[in-house]
Amino acid sequence: MPHSIWLRSATAAVVITLAAATAATAAPAPEPAAAKAAAAVTTLRYDDSRAVGWESAIAAGVANWNATVKNVKLVEAAPGTRAEIQIVATSGWPQATLGPVRPGGSARVELGSQAVSQGHDKTRIAAHEIGHNLGLPDTKPGPCTQLMSGSSAGTTCKNATPNATEKARVDSLYAGAAATLAPTDGRVLVDAP
């Protein structure tokens, strides 16, 4: 092969290789669907350090929410860090701020012992009040299958898991741009009979 043909072939190969390498680095690989979904999840921190005696009920209620909704995740705040949701134990009736609370926002849950002394389930109370922070109002009166029916379901009701309608509502409140644009309601809802 004459030297000039070989040199042109080698130069063309280098140009093709460089063009392919440039194209590969210029266009980032598309993100996997799982990574996009994880990025869309709103994370809210809660502080239950002032809810002595309610820790296991809060953990179970949070676990129920985290297992059933996909657009928001509740995590316990590390000591000394700011939490969007403050959970405290009180002697009155349970109550909470109606959300949806947003990252950097502020909401409160009061887990009242008066409801427990009348026979209501602690885990149901915790999950119900957190549901208010996530934007769900009361649905009273209502059956035990509705977490947000609260005390109207009676003291025999132990259901602490949101139903399909409640899950869908929370997911819609935290979907995409809604997670940052929709305002928090801010009313305090008291769960007394």
D138 side chain near H128 side chain, heavy-atom distance below 4.5 Å:
yes
Do the side chain of T68 and the main chain of N64 share a donor and acceptor less than 3.5 angstrom apart?
yes
So does S149 get a backbone contact from the side chain of T139, meaning a donor-acceptor N/O pair under 3.5 Å?
yes
Using a 6.0 Å cut-off, check whether atom NZ of K167 has over 12 heavy atoms from anything other than its own residue.
yes
Side chain to side chain, V62 and I130, heavy atoms closer than 4.5 Å
yes
Hey, are the side chains of I58 and Y46 touching, using non-hydrogen atoms and a 4.5 Å cut-off?
yes
Which residue pairs satisfy the disulfide bond (SG atoms under 2.5 Å apart) criterion with at least one member in residues 117-158, sequence neighbours excluded?
C144-C157
If you measure from CG on N159 to OG1 on T161, what distance do you get to the nearest 0.5 Å?
5.5 Å
Quick check against the 3.5 Å criterion: does D48 have a side-chain atom that pairs as donor or acceptor with the backbone of A51?
no
Give, for atom CD of E110 and atom CD of Q95, the distance between the pair rounded to the nearest 0.5 Å.
4.0 Å
Would a 4.5 Å heavy-atom cut-off, applied to side chains only, mark R124 and L147 as touching?
yes
With side chains defined as the heavy atoms from C-beta onward, is the minimum distance between Q114 and T90 less than 4.5 Å?
no
Side-chain (S152) to main-chain (G142) donor-acceptor, under 3.5 angstrom:
yes
Enter the distance from L134:CG to W65:CH2 here, rounded to the nearest 0.5 Å.
5.5 Å
With side chain to side chain contact (heavy atoms under 4.5 Å, CB included) as the criterion, how do H120 and S151 come out once you've worked through the C-alpha distance, each side chain's angles and the decisive distance to 0.1 Å?
CA-CA 7 Å; H120 293 282; S151 61; 3.6 Å; yes
Mark yes or no for whether R82, through its side chain, and G104, through its backbone, hold a donor-acceptor pair below 3.5 Å.
yes
Between S172 and R169, what is the shortest heavy-atom contact and its length?
OG-O, 2.8 Å
Closer than 3.5 angstrom, by distance alone: can the side chain of E166 be matched with the main-chain N or O of M148 as a donor-acceptor pair?
yes
V170/V72 under side chain to side chain contact (heavy atoms under 4.5 Å, CB included): CA gap, chis, key distance, verdict
CA-CA 8 Å; V170 168; V72 64; 3.8 Å; yes
Going from NE2 on H132 to CG on L98, what distance comes out if it is rounded to the nearest 0.5 angstrom?
7.5 Å
So I125 and T123, do their side chains get closer than 4.5 Å, heavy atoms only?
no
Please, which pairs that meet disulfide bond (SG atoms under 2.5 Å apart) have at least one residue in residues 49-140, sequence neighbours excluded?
none
Could you check whether any side-chain N or O of K140 sits under 3.5 Å from a backbone N or O of A153, counting only pairs where one atom can act as donor and the other as acceptor?
no
Side-chain heavy-atom pair P103, T43 within 4.5 angstrom cut-off:
no
Report yes or no: is the cationic atom of R102 (NZ for Lys, CZ for Arg) under 6.0 Å from the centre of the six-membered ring of Y174, at an angle within 45° of the ring normal?
yes
Side-chain donor or acceptor of E129 paired with backbone N/O of A126 under 3.5 Å:
no
Main-chain N/O of T42 paired with N71 side-chain donor or acceptor, under 3.5 Å:
no
For A89 against V52, the heavy-atom pair lying closest together
CB-O, 4.1 Å
Same apolar cluster (I L V M F W Y, side chains within < 4.5 Å links), V88/L111:
no
How far does CH2 of W93 sit from OG of S113, to the nearest 0.5 angstrom?
10.0 Å
Side chains of K70 and V41: closer than 4.5 Å at any heavy-atom pair?
no
Under the criterion side chain to side chain contact (heavy atoms under 4.5 Å, CB included), I'd like the reasoning laid out for V109 against I85: C-alpha separation, chi angles, the key distance, then a yes or no.
CA-CA 7 Å; V109 167; I85 301 172; 4.3 Å; yes
Under the salt bridge (charged side-chain N to carboxylate O under 4.0 Å, His left out) rule, collect the residues that match up with R45, sequence neighbours excluded.
E84
